[in-house]
Amino acid sequence: MTVRTRFAPSPTGYLHIGGVRTALFNWLLAKRHGGQFILRIDDTDQERHVDEAVGKIVDGFRWLDMLWDEGPEVGGPHGPYYQSQRQHLYREAVDKLIAAGVVYRDYSTDAEREVGREAAKKAKQPYRFRRIEYSDADLKRFEDEGRPFALRFEVPTGRTLVLNDLVKGEVSFNTDEIGDFVIVRPGGQPLYNFASVVDDVEMRITHVVRAEEHLSNTFPQLLVLEALGATPPAFAHVPYVAEPGSHAKMSKRKTEEYEKRGILIFLHQYIERGYLPHALVNYLARLGWSFDDTQELFTRAELIEKFSLGRVNSSPASLDPDKLFWIEGHWMKEAPMEEKVAGAIPFLKAAGLVSDPISDDDRALLEAVILALGDRMKTFSDVVKLGRFFFDDEVAYDPDAVKKRLRKPGVPEMLRELDALLAETEPYDLPTLEKAVHDYAEKSGRKMGDVVNPLRVATTGQGVGPGLYDCLFLVGRDRCRARIAKAIGMLEAGA
RNA sequence: GGCCCCGUCGUCUAGUGGUUAGGACACAUGCCUUUCACGCAUGCAGCACGGGUUCGACUCCCGUCGGGGUCACCA
């Protein structure tokens, strides 16, 4: 039997990082066994902007390079892949359940149920709906007056249900704890616990891997599965993702607070910051899963080869931005030039530093800058953050660097001498520049650091960055000399 | 509140009765070095608590505490 997994987001907001991890586990499991990963849109609620939201979701998956074998835009033999378009299947399943005698018409009103809930609350007991017995006459009257009714599943009491969860292990649940639940609303809308089961069966899903908040929901679903006469899929409930440095669950309500603390919880935020797709995938795979006691870095192929649900932890894991960043740095180092160039261009364009489309000259400069930046480039956006001065003729001086390296006695005089040096360096290339600066330091009796650092700040505006000679060369003789002049002017005006 | 899940360094984790409790990120220090980054070396730091079971518990059992979920005509 081929393994079939699915990820079924509701098209409401953006993709949450925890959801991405759940999807990744599903994807890895399917790929590990040469099976299929299915994307299904749980839109029973019929939100307004479904198309737009689905577009963002599929873009996200494409960015992650987690392609789905069946689902929106690609179709498949078990479509449609939108719950809102599968009404006929739910109708069929409802008929089956009616024939099996496990569902009934519930004519209760909001007010009636509210009374029950209040009573339960007062008695400090959990509220559980049980079938209200009506006389035949009442039933006939309700029917005649067309009173709306919901379809409820009649839960058999006194049974113990056992689930062998692939992550949590054996979990038992008594059906006395489950109230009769609605499977279809009066308006005909099927509800999650029912629709999702019907879809999983029809789509031949073999492994349901989802967030642990669904663990309790699994038991009513098991009842539906049984009544449908279907073989239940295997279940695996993965723990939630907690906030950095704590075990508190991440909450959508705290989005603003996270924003302030610099915690990224939505996929699009990582895309916007210039993260490498595979770095995120590697990090998320290791969040709650491990292969052994040492390996942290995995290629995509290794992940697929080594993933297993048995090694998914049963306790929550908290997001660690520092570790993600470390993994990001590793994979960025490994990334081929071509990928770095392609990844950086959008950020340069957005900053207005290159034209759209990028010119051949700028592309060549970009490659040289990426080479010079080396492993200082951690994310694609770093090209702008650390290398702006290569592309922009204007230079902005970092006040701290100026204070530390330029506002020192004798610096303007030295900069004049260095300007003269650059003017006559011939040819203006790396080895010649390096020799010239070395000779200058020696002749003037200065330490290299006392020459190099002020010169770096004067020509780049920054105290940190690539090697000085790379900077001097790539910025070019004319721009270097203009910047030195500007720095001297600034120092003399400020002194 | 009932029921269910979970609890090893700050964080991610290894560990299934006998280990100096291992690795990684972060942090600290040193080395390398023109800055930063990389790299290398060293260090700091953990079995939530209390009872059992056992010759012996991080590992098994019970309880407490803490975190989470669920108890919807949401997903």
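In what follows, chains carry the letters A, B, and so on, assigned in the order in which the sequence lines appear, proteins first and then strands, with residues in each chain numbered from 1. Since the model is a prediction, treat every value here as computed from it, not as a measurement.
A donor atom on one side chain and an acceptor atom on the other are found under 3.5 Å apart for A:R210 and A:T218. Counted by atom type alone, A:Y14 and A:Q269 present zero donor-acceptor pairs between their side chains at under 3.5 Å.
Contact annotation for A:K333: backbone-only contact, meaning every heavy-atom pair under 4.0 Å involves sugar-phosphate atoms and none involves a base. Using a 4.0 Å heavy-atom distance criterion, A:L468 is classed as a base contact. Nucleic acid contact class of A:D375 (heavy atoms, under 4.0 Å, all strands): base. Counting any heavy atom pair closer than 4.0 Å across all strands shown, A:S172 reaches sugar-phosphate atoms only and no base atom. Across all strands, A:R210 comes closer than 4.0 Å to no nucleic acid atom at all (heavy-atom distances). Within 4.0 Å of A:Y192, counting heavy atoms only, lies at least one base atom of the nucleic acid. As judged by a 4.0 angstrom heavy-atom cut-off over every strand, A:K124 is placed among residues touching the sugar-phosphate backbone only. Within the 4.0 angstrom heavy-atom criterion, base atoms lie near A:H214. Residue contacts for A:P186: at a heavy-atom cut-off of 4.0 Å it reaches a base atom on one of the strands shown. Using a 4.0 Å heavy-atom cutoff across all strands shown, A:P244 reaches no nucleic acid atom at all. Residue contacts for A:D320: at a heavy-atom cut-off of 4.0 Å it reaches a base atom on one of the strands shown. The residue A:G288 sits close only to the backbone: its heavy atoms come under 4.0 Å of sugar-phosphate atoms, none of a base.
A donor-acceptor pair under 3.5 Å links the side-chain atoms of A:R456 to the main chain of A:P466, judged by distance alone.
Counting to the nearest Å, the P atom of B:U35 and the OH atom of A:Y469 are 11 Å from each other. Taking atom CZ of A:R286 as the reference point, atom C1' of B:G23 lies 10 Å away to the nearest angstrom.
Cation-pi geometry between A:R311 and A:F291 is not satisfied (NZ or CZ under 6.0 Å from the ring centre, within 45° of the ring normal).
Listed pair A:N313 / B:A14 meets the phosphate criterion, a side-chain N or O lying under 4.0 Å from OP1 or OP2. Contact annotation: A:R152 side-chain N/O to B:A72 OP1/OP2 distance is not under 4.0 Å. In this structure, A:K378 reaches the B:C38 phosphate: one of its side-chain N or O atoms is under 4.0 Å from OP1 or OP2. Under 4.0 angstrom from either OP1 or OP2 of B:G67 there lies no side-chain N or O belonging to A:S315. Residue A:T294 places no side-chain N or O under 4.0 Å from the OP1 or OP2 atom of B:A24.
Side-chain atoms of A:D110 lie closest to B:C73 of the nucleotides B:G39, B:C73, B:U34.
Residue side chain A:E296 reaches the base of B:G23 through a donor-acceptor N/O pair under 3.5 Å, judged by distance alone. In terms of polar N and O atoms assigned as donor or acceptor, the side chain of A:R376 comes within less than 3.5 Å of the base of B:C36 in a complementary pairing.
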